Undergrad: 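Could you have a look at this structure, given as structure tokens, before my questions?
Since the structure is predicted, the reported quantities are computational estimates derived from the model, not experimental observations.
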Amino acid sequence: MYPKNKLYLTLLSWLAVAVLCGQSQGLSLPAPDLDLLARQDENFNNPRFSAPIPLDIAPVPTGVGTPGNFTNTEGNIYQWSQTFTVPKAHGLGLFIDELDLPEGGSLSLSNRLEAKTFTQSDASSKNRLFTGFLSGNEVTLTYRGPLPESTPFHVWRIDHVYRPDLWADDSTKEFGESNACQVNANCSAGDGWENEKSGAARINVIVAEGVGTCSGNLINNTAQDGRPYLLTGFHCMDGFTPLYDLWSADFEYTSTDCDNPATEPEPVSYLGMEFRAGLQATDFMLLEIVDVDFATEDHYFAGWDRAEGRVDGTIRHFHHPRGDIQKIGVSGPGGMDILTTRINWNSGVVTPPSHHFRMDYEIGSFQVGSSGSAFFDDNRRIRGHLNGGNASCTSGTEAFVGRFNLSWDTGLGDTAQLAPWLDPLGANPMTMDGASLVSKRFVSGQVVNGLNGQPVSGARITYAWPGGSETYTTGADGRYRGERPATEPAFAISGVFREDGPLDEAVDVGDLITIRRAILGLGDLSIEGSVAADANNSGTIRVSDITLITRVILGVSDWNDRPNWLVIPVGFPLDPIPRDIGSAVGIALENAGVYDLPVDFYVLKTGDANGSGGG
């Protein structure tokens with residue numbers, strides 16, 4: 001009984017085989033079957049504006065001067081170019097992986113009117129790059145810089161724009177394409193909501209099947225650590241193959257006042273996300289932005305309310321219909337009611353009864369691209385997010401909104417709930433206020449007994465970087481968590497446990513017998529037992545270890561240079577037996593955008609060769 005116009009993006013990829021025409025500059029691809037694409041869009045209510053064509057092109061740095069490879073243009077500057085043509089295309093964009101440009105090297109995508117330039121710093125966390133679109137049916141990709149020592153990139157896909165009604169090329173600016181009834185966020189209806197507007201973003205969605213947009217909001221958590229969680233709609237990726245490292249979030253993509261600007265605003269963009277959790281029944285998805293630049297400034301993280309029941313008062317949401325500049329939608333004073341019947345979407349997805357709110361608009365509307373935007377109550381807290389509904393500029397709009405309280409913990413497991421991510425402290429609050437926060441970086445983990453796996457409390461974990469250090473102590477659950485500098489790509493980490501405890505704890509004649517039998521070949525030591533038995537820190541098991549352990553048992557010696565308890569990072573190689581195992585371990589981050597780096601430890605008692613000790 002309810003409409004089925006769910007805001008889906010790209011369904012069903014359109015595939016073609018690349019045909020090389022000529023050995024060097026020209027690659028002409030088959031004209032797309034526009035009738036087929038239109039039928040797919042109609043059948044699946046599919047608002048995609050581009051479709052992909054697979055490619056397999058990589059320049060070879062050998063054979064300089066060979067057509068299609070690198071040519072020496074001046075001095076030590078080399079160039080490689082390839083032109084791509086897709087008949088009937090309104091715009092073209094390239095996908096590149098295995099990006100490994102030498103220092104000083106760059107890529108550019110150009111047409112007759114404009115060009116975009118990229119360097120290695122523009123790559124995603126997986127060394128992939130999406131160029132974005134340039135208008136027309138022909139573009140040229142050019143490398144310029146030092147001669148690479150190996151293949152510097154691989155072009156694996158080209159997307160062609162076949163829906164100009166859903167995409168505006170750069171010559172007309174990529175904004176102003178939403179319906180006339182959409183209201184700019186900085187009109188009077190949005191007065192006093194500057195914080196919430198600043199935390200709302202346009203999400204550029206890249207999937208294997210095409211390209212589209214959604215909307216989302218930064219959301220606060222009980223640790224208030226500025227971890228960049230972005231709440232949006234599950235259907236933004238449901239049924240597709242998401243390439244999250246190429247997804248990006250555009251903030252501050254808005255007009256300065258109520259009027260449409262004459263020129264396009266420049267958004268603040270962050271590249272790369274990771275999926276954290278999602279649930280189809282309430283259509284929520286929680287992403288985490290991994291761009292390292294995000295932590296360089298403060299951001300507003302919205303509050304939330306997970307109360308049950310209908311929502312009274314005026315509801316607002318900030319969204320990007322058709323990828324346009326930020327707009328606002330406002331309800332009447334009736335707020336949102338619980339929709340007690342199921343929703344049958346065109347995609348075949350069925351929303352169970354009572355999992356969504358229903359809201360009527362008094363100001364504005366929504367369109368494709370608005371999906372996932374957060375709906376705020378009068379207390380400026382998120383109560384849900386947009387899934388779909390009936391959008392109209394003439395006869396009124398009703399929205400179906402996923403209920404935040406059901407997204408909290410009704411799903412199965414951490415990847416289907418908001419609670420594990422938005423309540424890392426386990427405080428279980430019903431509400432959380434929004435806040436402007438600077439994102440922090442953390443190291444966290446658990447310390448357990450290496451023999452029985454039980455949590456170890458009271459272990460001290462220290463991580464240090466040039467100019468500073470921090471130490472954190474494990475609790476009853478063996479866990480620790482501590483902040484690390486956001487700008488430091490490397491640090492050293494080490495642990496200490498019971499350094500002042502009894503030296504002969506869990507060490508007795510039984511350990512001496514175990515070691516003696518191992519030396520004589522009459523018994524085996526586990527790798528952990530061997531590490532514990534190497535009391536003199538020599539890297540081998542010898543009679544001298546028996547002598548030192550005997551002296552400790554008799555109380556006439558200590559462990560000399562060995563810690564009383566060894567605190568060892570999980571995964572640290574123990575074969576062959578390492579020396580100075582208590583020394584700090586260096587960690588270098590390939591992706592400094594990791595906000596919570598897990599480093600677990602286990603403890604072993606020096607001299608406890610037979611494993612009788614506890615933590």
Side-chain angles (χ1 to χ4, degrees), residues 192-201 215-234 249 251 273-279 282-289 294-295 297-319 335-336 338 355-357 359 372-386 401-411 413-442 444 481 483 595-596:
W193 289 75
E194 282 69 29
N195 283 334
E196 289 74 19
K197 287 183 281 190
S198 71
S215 299
N217 282 79
L218 292 173
I219 187 167
N220 202 4
N221 69 73
T222 56
Q224 297 205 76
D225 54 15
R227 189 161 177 176
Y229 290 136
L230 196 65
L231 180 68
T232 187
F234 186 83
F251 293 89
M273 302 184 192
E274 291 185 1
F275 174 88
R276 294 303 179 209
L279 184 65
T282 60
D283 194 55
F284 95 84
M285 179 165 61
L286 190 70
L287 302 170
E288 183 171 355
I289 299 171
F294 186 90
E297 297 183 10
D298 64 339
H299 301 269
Y300 186 80
F301 296 81
W304 40 265
D305 187 332
R306 59 188 187 92
E308 297 183 5
R310 72 182 310 277
V311 184
D312 295 319
T314 302
I315 308 299
R316 292 172 175 82
H317 76 120
F318 304 96
H319 59 113
M336 297 190 296
I338 294 175
H355 278 63
H356 280 47
F357 295 114
M359 188 195 87
S373 54
F375 279 52
F376 292 87
D377 63 17
D378 281 336
N379 294 315
R380 302 173 184 272
R381 295 173 182 146
I382 295 174
R383 303 300 295 273
H385 55 280
L386 180 63
V401 179
R403 295 174 61 190
F404 186 89
N405 69 301
L406 294 182
S407 300
W408 184 256
D409 60 3
T410 58
D414 289 359
T415 59
Q417 300 180 10
L418 287 172
W421 310 96
L422 301 188
D423 187 21
L425 301 184
N428 199 35
M430 290 302 297
T431 63
M432 185 81 202
D433 288 333
S436 292
L437 303 168
V438 176
S439 294
K440 300 176 181 179
R441 301 283 204 273
F442 293 89
S444 63
R481 187 169 189 256
E483 187 178 354
Y595 283 82
D596 207 338

Undergrad: Any chance you could measure Leu437, atom CG, to Tyr300, atom OH, to the nearest 0.5 Å?
TA: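 Separation between the atoms: 9.5 Å.
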Undergrad: Could you work out, with side chain to side chain contact (heavy atoms under 4.5 Å, CB included) as the rule, every residue matching Asn405, not counting sequence neighbours?
TA: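 With sequence neighbours excluded, Asn405 shows a side chain to side chain contact (heavy atoms under 4.5 Å, CB included) to Arg306, Glu308, Arg403, given in chain and number order.
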Undergrad: Which residues pass the side chain to side chain donor-acceptor pair (under 3.5 Å) test with Ser436, sequence neighbours left out?
TA: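 Ser436: no side chain to side chain donor-acceptor pair (under 3.5 Å) contacts found.
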Undergrad: Is a side-chain N or O of Asp283 found less than 3.5 angstrom from the main chain of Gly233, in a donor-acceptor match?
TA: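 Not at all, since once roles are kept as given, no pair shorter than 3.5 Å links the two residues.
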Undergrad: How would you list, by chain and number, every residue that makes a side chain to side chain donor-acceptor pair (under 3.5 Å) with Asp225, sequence neighbours excluded?
TA: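 Testing Asp225 for side chain to side chain donor-acceptor pair (under 3.5 Å), a comparison that skips the adjacent residues, returns Asn221, Arg481.
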Undergrad: Rounded to the nearest 0.5 Å, what separation is found between the CZ atom of Arg441 and the CG atom of Asp596?
TA: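 Between Arg441 CZ and Asp596 CG, I get 11.0 Å after rounding to 0.5 Å.
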Undergrad: Side chain to side chain contact (heavy atoms under 4.5 Å, CB included) with Ala374: which residues, sequence neighbours excluded?
TA: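 Partners of Ala374 by the side chain to side chain contact (heavy atoms under 4.5 Å, CB included) criterion, ordered by chain and then number, come out as Asn217, Phe376, Ile382.
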Undergrad: When rounded to the nearest 0.5 angstrom, what distance separates CG in Leu422 from OG1 in Thr222?
TA: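 If we round to the nearest 0.5 Å, Leu422:CG and Thr222:OG1 are 8.0 Å apart.
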Undergrad: Measure the shortest side-chain to side-chain distance between Ser439 and Phe301 over non-hydrogen atoms and say whether it is less than 4.5 angstrom.
TA: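 Ser439 reaches Phe301 side chain to side chain.
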Undergrad: Can you list the residues that meet the side chain to side chain contact (heavy atoms under 4.5 Å, CB included) rule with Ala416, with sequence neighbours excluded?
TA: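 Expected list: Leu279.
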Undergrad: To the nearest 0.5 Å, how far apart are CG in Leu231 and CE in Met285?
TA: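 Interatomic distance, Leu231 CG to Met285 CE, rounded to 0.5 Å: 9.5 Å.
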Undergrad: Is the backbone N or O of Arg381 less than 3.5 Å from a side-chain atom of Asn379, with the two atoms forming a donor-acceptor pair by type?
TA: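 Between the backbone of Arg381 and the side chain of Asn379 there is no qualifying donor-acceptor contact (under 3.5 Å).
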Undergrad: side-chain contact (heavy atoms from CB on, under 4.5 Å) between Asp433 and Asn220: does it pass, once the steps are laid out?
TA: CA-CA 8 Å; Asp433 288 333; Asn220 202 4; over 6 Å; no
Undergrad: Applying side-chain contact (heavy atoms from CB on, under 4.5 Å), run through Leu386 and His319 and close with a yes or a no.
TA: CA-CA 9 Å; Leu386 180 63; His319 59 113; 5.9 Å; no
Undergrad: Identify, with sequence neighbours excluded, every residue that meets side chain to side chain contact (heavy atoms under 4.5 Å, CB included) alongside Glu194.
TA: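 Counting only residues at least two positions away or on another chain, Glu194 forms a side chain to side chain contact (heavy atoms under 4.5 Å, CB included) with Lys197.
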Undergrad: Looking at Phe284, Phe375, Phe404, which hits ring pair (Phe, Tyr, Trp, His ring centres under 6.0 Å) with Trp304?
TA: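 Passing option: Phe404.
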Undergrad: Please give me the minimum heavy-atom distance between Asp377 and Trp193, naming the atom from each residue.
TA: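 Closest pair (atom of Asp377, atom of Trp193, distance): O-CH2, 3.5 Å.
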Undergrad: Measuring from Tyr229:OH to Leu287:CG, what's the distance to the nearest 0.5 Å?
TA: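 That separation rounds to 11.5 Å.
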Undergrad: What's the shortest heavy-atom distance between Ser407 and His385, and which atoms?
TA: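 Residues Ser407 and His385, closest heavy atoms: OG-CE1, 4.2 Å.
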Undergrad: Just how far is it from atom CE of Met359 to atom CD1 of Ile315, taken to the nearest 0.5 Å?
TA: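 Taking CE in Met359 and CD1 in Ile315, the distance rounds to 7.0 Å.
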Undergrad: How are the rings of His299 and Phe251 set relative to one another: parallel (under 30°), tilted (30 to 60°) or perpendicular (over 60°)?
TA: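 His299 vs Phe251 ring planes: tilted.
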Undergrad: Parallel, tilted or perpendicular: which fits the ring planes of Tyr595 and Phe294, with parallel below 30° and perpendicular above 60°?
TA: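 Tyr595 vs Phe294 ring planes: perpendicular.
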Undergrad: Quick one, Leu230 and Leu286 - any side-chain contact, counting heavy atoms below 4.5 Å?
TA: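 Counting from C-beta outward, Leu230 and Leu286 never come under 4.5 Å.
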